[in-house]
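A short worksheet on the structure shown next.
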Amino acid sequence: MSSHTENFDEVRAAEQEWLKLRRHAAGQAAPDDDVVGLAFSGGGIRSAIFNLGVLQSLGRSGLLSKVDYLSTVSGGGYIGSAFSWLRASLPKDTHAPFDAGLHGFGGSVLDWIRSHGKYLTAHRGFSIWTLLASILASTLVNVLVLGPVLLLAVWAMTLAWLPVQWPDWLALPGATAPTAHHGFWLLLVLGAACLLLFPVVALMFALVAGIPGVSSVHRVNRWRVFMGQLLFGGLVFIAVGLIPVLAKLGEWAQLHFSFVHAQAMGRHFAWLGPLLTGMASMFASHLSKGGTGGGRLATIGVSLIVYGLLVANYLVVTDPAFTGSLWLPLLAGISVVLAFICDVNRVSIHSYYRVRLAESFLAPVEGAASRDSGDFSLTQIGPDKGAPLHLLNTTLNMSNSVNERDRARLGASFTFSPLYAGAQQTGWRRVDDYPGGGMALSTAMTISGAAIDPDMYATNARAVSFLMALLNVRLGYWARNPRSEPGRDPLRPWWWIFLFREMLGFGLDARKRHIHLSDGGGFENLGVYELMRRRLRYVVVCDAGADPELTLSDLGRAIERVRVDFGAEIDLAADSLYHERNELLEKRPWVLGSVRYADGSHGDILYIKPILCAGLSADIYSYWRANPSFPDQPTSEQFFNEPQFEAYRCLGFEIVSRILGEQPPESIPALFERLRDIDSPTAT
């Protein structure tokens, strides 16, 4: 029997069997029309700590054992993974896992996580310098692998292999025209051809669009896309093709300025000019505080930086002192060896991120399910401890998909669980048959939180992705496609293949042997999407994403994608949260709603938001007064000290405790019934 399936009903059937065993282990009735899902959103360490308080409150009330699914995204996955690890490691009757004692250390699990609030550097000997050194080392090695390939490519373009000459009118005033450089000459010709072809294509487009029966929307759209590609390609090809001309700035400067170093200064200005201009453009973008114009400035700035680096690359390979030395063949040899032998996932900053998350959130406890928490597999999370089935949500990069919807979204939902890994676009494979014998929990958690990556929504400009991939400024992960059968990969330069796909934007879809995964928030940041796919009866969502203006953008995107993909309508009147945004202590931090699934079944949804309200403890108010941006401090702030940690944890604990009341209900359905009575117009 194949461990891969294209039919989600098989996945769901396996999960239902898992839930029966979970319910039995927890001493509960088999699931009927009462399956419960708990979703933790993205939001980095902020979400992790707020949802830690949520878990503690639910655990104290006894309702946490009633949860069947735990769906997490990004930062919510930090604490969700901590909970799954603890439930797999501790005895089944442990009701407060975060109060459990540490093995070999004093204190509790809560103490451990609190002391690791600065998780990127929270370890003996680690500091901001350790983090910086790891980032720089990752960048250096990546440039060492990709740099020689770019150098050789540019060097090949400088050779003479065509019977043509550069026209004199292309030279700078007073400088000589380039000789040879036929690769660059071809780019100029190709760019000019694109621009000259544009008016012809525009006329043909006008004819096609005006002929009845021929001017279908699909055909017209294809012509429009082609015209845009002609303009963009023409300008890019000409800009790159003119690099040998721009490099003659040294000759031009020597002719017009009499001081000794004029030629050297002109030569260096050829690459420093665009580089510094690009930096200035990015700084101007920062000053504009992220407006639409600022985004364009940033894209222009990165494009100029990339262009400056290409010019610098050209100047290196045309320097006889470099090409005549052993440096180029030596670097090329190192590049080839690393590209064939090394694993880019282990060299990128993803590896550092994974180790830090595992050490910070998978605390050492007595009876740990794995000697090394970083090696703890998803397959080791079983139903025998009564823990919920954990879904870790990531984004499958679909930038080059043949499906227009997936391509427009740039991604699709890809999920890891103790049973299956996969997406609608790849099918699902049993995790125990996944390459390597199973995916580590720490790896899935880290992929789900890979918020910095090329070719995502915020980094989709080609120049941005090119620079990020070149410098290894990326947290994403190259994984085996679930559709591919297990087995060793053929010997290929996978480092080159993977990184050039990211740099140049090709091969990013669900058809290849390897797929690219990144932060689940790139597709849907609440963790609701996969719960709606499973048509759960009760869903509790904790939205701890950064939302200082209460735009509820993550909620809006989740509702839209659930409607489009599953035909499920979420009715959640969350506008009250927005209307009360200026009444800080008068808010109710939750909203109750309903779900109508495509098959006619119904569900209930409880949406919880970390906002200030009346009745909270004094230390929360104290922290807020000292830090007015609380509880929406930016996600970029990933170094939590103890007061900050406790403010978010206590906020999560107290909000959920208020929802549950002084006498918590005996079940999740009873909780929803109580909240529905509170929402009722006849309630007093």
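These values consider heavy atoms only, across backbone and side chains, with no hydrogens, waters or symmetry-generated copies.
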- Does a side-chain heavy-atom distance below 4.5 Å link Leu378 with Leu392? yes
- Is there a donor in the side chain of Asp433 and an acceptor in the side chain of His4, or the other way round, less than 3.5 Å apart? no
- Item | Separation between CG of Leu38 and CZ of Phe83, rounded to the nearest 0.5 Å | 9.0 Å
- Query: Hey, does the side chain of Asp432 reach the backbone of Tyr434 with a donor-acceptor pair shorter than 3.5 angstrom?
  - Reply: no
- Does the pair His390 and Ser81 meet the rule for a side chain to side chain contact (heavy atoms under 4.5 Å, CB included), with working shown? CA-CA 8 Å; His390 193 174; Ser81 297; 3.8 Å; yes
- Could you walk me through whether Glu524 and Asn393 pass the side-chain hydrogen bond (donor to acceptor under 3.5 Å, both in side chains) test, one step at a time? CA-CA 9 Å; Glu524 192 270 305; Asn393 299 286; over 6 Å; no
- Item | Distance in Å, Ile447 CD1 paired with Ser442 OG, rounded so as to fall on 0.5 Å steps | 9.5 Å
- Query: Looking at CZ of Arg12 and CD of Glu15, how far apart are the two atoms once the value is rounded to the nearest 0.5 Å?
  - Reply: 9.0 Å
- Evaluate salt bridge (charged side-chain N to carboxylate O under 4.0 Å, His left out) for Arg462 paired with Asp455, printing each intermediate quantity in order. CA-CA 8 Å; Arg462 182 51 42 213; Asp455 300 292; 3.0 Å; yes
- State, yes or no, whether a side-chain contact exists between Leu362 and Glu359 at a heavy-atom distance under 4.5 Å. no
- Item | Qualifying residue, where the test is ring pair (Phe, Tyr, Trp, His ring centres under 6.0 Å) with His516 and the options are Tyr477, Phe498, Trp478 | Trp478
- Message: Could you go through Ser484 and Arg513, starting from their C-alpha distance and side-chain angles, then the distance that decides it, and tell me whether this counts as side-chain hydrogen bond (donor to acceptor under 3.5 Å, both in side chains)?
- Response: CA-CA 6 Å; Ser484 300; Arg513 181 183 181 89; 5.2 Å; no
- Item | Polar side-chain atom of Asp604 near backbone of Val539 as donor-acceptor pair, under 3.5 Å | no
- Query: Can a cation-pi geometry be assigned to Arg430 and Tyr420, taking NZ or CZ under 6.0 Å from the six-membered ring centre and within 45° of the ring axis?
  - Reply: yes
- Item | Minimum heavy-atom distance Gly374-Ala358, with the two atoms named | CA-CB, 4.1 Å
- Within 45 degrees of the axis of the six-membered ring of Tyr529 and under 6.0 Å from its centre: does Arg561 put its NZ or CZ there? no
- Item | Any donor-acceptor pair under 3.5 Å from Ser71 side chain to Gly527 backbone | yes
- Task: Report yes if some heavy atom in the side chain of Val402 is under 4.5 Å from a heavy atom in the side chain of Asp509; otherwise report no.
- Result: no
- Query: Between Arg23 and Asp32, is there a side-chain N and carboxylate O pair less than 4.0 Å apart?
  - Reply: no
- Message: Test your reading of the model: is there a side-chain donor-acceptor pair from Ser448 to the backbone of Met445, 3.5 Å cut-off?
- Response: no
- Query: What distance do Asp111 atom CG and Phe105 atom CZ have between them, rounded to the nearest 0.5 Å?
  - Reply: 12.5 Å
- Nearest 0.5 Å please: distance from the OG atom of Ser518 over to the CD atom of Glu502. 9.0 Å
- Message: Counting only heavy atoms from other residues, nucleotides and ligands, does the tally under 6.0 Å from CZ of Arg492 exceed 12?
- Response: no
- Message: For a quick test of reading the model, state the closest non-hydrogen atom pair linking Gly521 to Thr395 and the distance between them.
- Response: N-OG1, 4.4 Å
- Taking it one step at a time, do Asn397 and Ser399 satisfy side-chain hydrogen bond (donor to acceptor under 3.5 Å, both in side chains)? CA-CA 6 Å; Asn397 195 307; Ser399 300; 2.7 Å; yes
- Message: Rounded at 0.5 Å granularity, tell me how far OG in Ser138 sits from CD1 in Ile349.
- Response: 5.5 Å
- Kindly indicate, with the supporting measurements, whether the criterion salt bridge (charged side-chain N to carboxylate O under 4.0 Å, His left out) is fulfilled by Arg537 and Asp33. CA-CA 6 Å; Arg537 180 65 177 83; Asp33 185 28; 3.8 Å; yes
- Under-4.0 Å salt bridge between Arg533 and Glu530: yes
- Message: Using side-chain hydrogen bond (donor to acceptor under 3.5 Å, both in side chains), reason through Gln425 and Arg511 one step at a time and then give a plain yes or no.
- Response: CA-CA 9 Å; Gln425 291 77 0; Arg511 296 170 295 174; over 6 Å; no
- Would you say Arg535 and Asp599 make side-chain contact, with heavy atoms under 4.5 Å? yes
- Item | Check: Asp554 main-chain N/O paired with Asn525 side-chain donor or acceptor under 3.5 Å | no
- Task: Find out whether Leu396 and Thr426 are in side-chain contact, i.e. whether some heavy atom of one side chain is under 4.5 Å from a heavy atom of the other.
- Result: yes
- Query: Asn403 and Arg407: side chain to side chain contact (heavy atoms under 4.5 Å, CB included), yes or no, with the steps?
  - Reply: CA-CA 6 Å; Asn403 183 288; Arg407 188 172 63 251; over 6 Å; no
- Query: Donor-acceptor pair, Glu10 side chain versus Asn7 backbone, under 3.5 Å?
  - Reply: no
- Query: So, do Phe500 and Leu150 sit near enough that their side-chain heavy atoms are less than 4.5 Å apart?
  - Reply: yes
- Message: Using only atom types and a distance under 3.5 Å, with no angle test, would you say the side chain of Arg534 pairs donor to acceptor with the backbone of Tyr69?
- Response: no
- Message: Can you confirm whether Ile452 is buried at CD1, in the sense that more than 12 heavy atoms of other residues, nucleotides or ligands lie under 6.0 Å from that atom?
- Response: no
- Message: Between Arg22 and Glu17, does the salt bridge (charged side-chain N to carboxylate O under 4.0 Å, His left out) criterion hold? Intermediate values first, please.
- Response: CA-CA 9 Å; Arg22 187 210 80 77; Glu17 289 300 316; over 6 Å; no
- Task: Inspect the contact between Asp565 and Arg409 and indicate whether a charged nitrogen and a carboxylate oxygen are less than 4.0 angstrom apart.
- Result: yes
- Task: Could you check Lys66 against Asp34 for salt bridge (charged side-chain N to carboxylate O under 4.0 Å, His left out), going step by step and ending with a plain yes or no?
- Result: CA-CA 10 Å; Lys66 315 291 186 183; Asp34 61 348; over 6 Å; no
- Spell out, as yes or no, whether a donor-acceptor pair under 3.5 Å connects the side chain of Lys20 to the backbone of Ala30. no
- Message: Less than 6.0 angstrom separating the ring centers of Phe414 and Phe523, yes or no?
- Response: no
- Item | N-O pairing of Arg483 and Glu6 below 4.0 Å | yes
- Message: Parallel, tilted or perpendicular: which one describes the rings of Tyr353 and Tyr78, with boundaries at 30° and 60°?
- Response: perpendicular
- Query: Quick one: does Asp453's side chain get under 4.5 Å of Thr459's, heavy atoms only?
  - Reply: no
- Item | Flag, side chain of Ser360 to backbone of Arg356, donor-acceptor distance under 3.5 Å | yes
- Message: Before you tell me yes or no, could you show the steps for Val73 and Leu526 under side chain to side chain contact (heavy atoms under 4.5 Å, CB included), namely the whole-Å CA-CA distance, both residues' side-chain angles and the distance that decides it to 0.1 Å?
- Response: CA-CA 7 Å; Val73 180; Leu526 296 187; over 6 Å; no
- Looking only at atom types and distance, does a side-chain atom of Thr443 sit under 3.5 Å from a main-chain N or O of Met439, one as donor and one as acceptor? no
- Task: Apply the test ring-ring contact (aromatic ring centres under 6.0 Å, His included) to residues Phe639 and Tyr119: give CA-CA distance (whole Å), side-chain angles for both, the deciding distance (0.1 Å), then the verdict.
- Result: CA-CA 7 Å; Phe639 298 86; Tyr119 66 96; 7.4 Å; no
- Check: Ile668 and Leu63 side chains under 4.5 Å, non-hydrogen atoms: yes
